[in-house]
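None of these values were measured; they are calculated from a predicted model. When a residue number appears, it is its place in the shown sequence, counting from 1. Numbering of ligands and ligand atoms starts at 1, following listing order.
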Amino acid sequence: MFEILEKTQYSEKVFKFRVHAPQMAKKAHAGQFLMVRTDEHGERVPFTFADWNPEEGWIEFIFMVIGKTTEDLSQLQAGDSILDVTGPLGQPTEMKPGNWCVIGGGVGLAIAYPVARALVDAGNKVTVIMGARTKDLLILTEQFRELPLENLIITTDDGSEGEKGVVTAPLERLCEDHAIDQVFAVGPVPMMKFSALTCEKYDMPITASLNPIMVDGTGMCGCCRVTVGGKTKFACVDGPDFDATQVDWADLAARQGSYRAEEHVALEHAHE
Ligand code: FES
């Protein structure tokens, strides 16, 4: 059992848990993830490490309530325990030296934050583009503001915070100004896809952290398969980071939506 040491609520549906996990805290790297199972009948769901502290023996992950498992998780409080927390899983994000642009969309900001922080800590110049549909869905804004970034650009679809529009407009400007030489993107599939298309225009390398449905997280079930460069890859062991210009985005979007009806039913029953 893994004790929740601290619970933080960022918005109506976004939470952060700090969990006692000393072994995991010693091995975690930016870009890796963990899998959580709340009880013996529950599904296993992946979350990226948001932070970790080997000296104090804790790890943190951020989640948004989107289904039954995350709804159940959001009901837990500091002092409660989670049945299983497994990790670190997946490959760490490759930290090549350079002028980086880190793009995070929606709950993907929870992944973008530790990656941006690790890139800054490694001595790189980092510009962050945060994107969300509306101001209320922006998370970790204060934490991003505290990082010594080259620039922090916020976009919202409705213009309620920062620039009105999507992340590709500032990305295009940065590419045109030669202000960056590598990009990391994580968020909804359309955001990552159009970021990849923008980068391709400028011959700009771009890595995307993919988020397909996962079951075991160890390369056994095949559930997380994605097509990259025409080849089948398992996001849980080969990724989650891949060359975004090589990803088959239509295939990923279709696979992400495969259980939408069942998820909806499970959530309805959770409220009965
Ligand atoms: Fe099962 Fe990746 S989650 S193979």
Side-chain angles (χ1 to χ4, degrees), residues 2 17 19 21 23-24 27-50 52 59-73 82-94 104-108 110-112 114-115 184-189 191-193 196 207-267:
F2 293 80
F17 279 165
V19 175
Q23 293 306 320
M24 237 178 281
K27 295 183 182 154
H29 293 282
Q32 289 187 297
F33 65 95
L34 52 93
M35 304 235 11
V36 166
R37 195 165 60 122
T38 48
D39 60 68
E40 63 270 28
H41 304 295
E43 60 175 348
R44 288 156 54 85
V45 285
F47 301 108
T48 301
F49 288 97
W52 55 91
I59 56 102
E60 290 182 343
F61 63 93
I62 297 171
F63 63 96
M64 182 182 249
V65 175
I66 47 168
K68 181 180 180 314
T69 302
T70 43
E71 168 82 35
D72 290 349
L73 214 48
I82 302 172
L83 179 65
D84 280 338
V85 183
T86 313
L89 300 166
Q91 304 297 324
T93 296
E94 211 182 326
V107 81
I111 301 168
V115 169
F184 175 91
V186 57
V189 165
M191 189 217 83
M192 293 192 284
K193 173 184 165 179
T207 301
S209 174
L210 304 189
N211 50 353
I213 294 165
M214 292 191 185
V215 174
D216 66 310
T218 58
M220 309 276 277
C221 70
C223 195
C224 67
R225 65 184 180 272
V226 289
T227 307
V228 183
K231 296 202 176 89
T232 298
K233 301 277 182 188
F234 290 168
C236 69
V237 287
D238 300 320
D241 294 355
F242 293 98
D243 177 348
T245 63
Q246 298 297 309
V247 173
D248 182 336
W249 296 107
D251 176 60
L252 178 60
R255 292 188 62 80
Q256 276 187 339
S258 2
Y259 295 104
R260 205 149 280 152
E262 288 83 351
E263 283 165 7
H264 187 68
V265 170
L267 194 56

Residues 218-228, side-chain donor-acceptor partners within the protein, below 3.5 Å, at least two apart:
from, atom 1, to, atom 2, distance (Å)
Thr218, OG1, Asp216, OD2, 2.4
Arg225, NH1, Gly222, O, 3.0
Thr227, OG1, Asp251, OD2, 3.2

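Annotation: atom 4 (S) of ligand 1 to nearest protein heavy atom, Gly222 N, 3.1 Å.
Atom 1 (Fe) of ligand 1 sits nearest to atom OD1 when only the N, O or S atoms of Asp216 are considered.
For the pair Gln91 (side chain) and Val237 (backbone), a donor-acceptor distance under 3.5 Å is present. Here the side chain of Arg44 pairs a donor or acceptor atom with the backbone of Val215 at under 3.5 angstrom.
Those atoms of ligand 1 that come under 4.0 Å of a heavy atom in Cys224, given as number and element, are 2 (Fe), 3 (S), 4 (S). Using a 4.0 Å cut-off to heavy atoms of Val215, the atoms of ligand 1 that qualify are 3 (S). In summary, the atoms of ligand 1 found under 4.0 Å from a heavy atom of Gly219, numbered by their order in the structure, are 4 (S). Of all atoms in ligand 1, listed by their number and element, those nearer than 4.0 Å to a heavy atom of Gly217 are 1 (Fe), 3 (S).
The two atoms that bring Gln32 and Gly90 nearest to each other are NE2-O, 2.9 Å, heavy atoms only.
Among the backbone and side-chain atoms of Cys221, none of the N, O or S atoms lies under 2.8 Å from atom 2 (Fe) of ligand 1. Note on Cys236: counted as a metal contact of atom 2 (Fe) of ligand 1, an N/O/S atom lying under 2.8 Å.
Electrostatic pairing of Arg37 and Asp84 counts as a salt bridge here, judged by a charged N lying under 4.0 Å from a carboxylate O.
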**Message:** side chain to side chain donor-acceptor pair (under 3.5 Å) for Asp241 and Thr93? Distances and angles first, verdict last.
**Reply:** CA-CA 7 Å; Asp241 294 355; Thr93 296; 2.7 Å; yes
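Under 4.0 angstrom from ligand 1, the non-hydrogen atoms of Met220 all belong to its backbone.
Side-chain rings of Phe33 and Phe61 stay apart, their centers remaining 6.0 Å or farther from each other.
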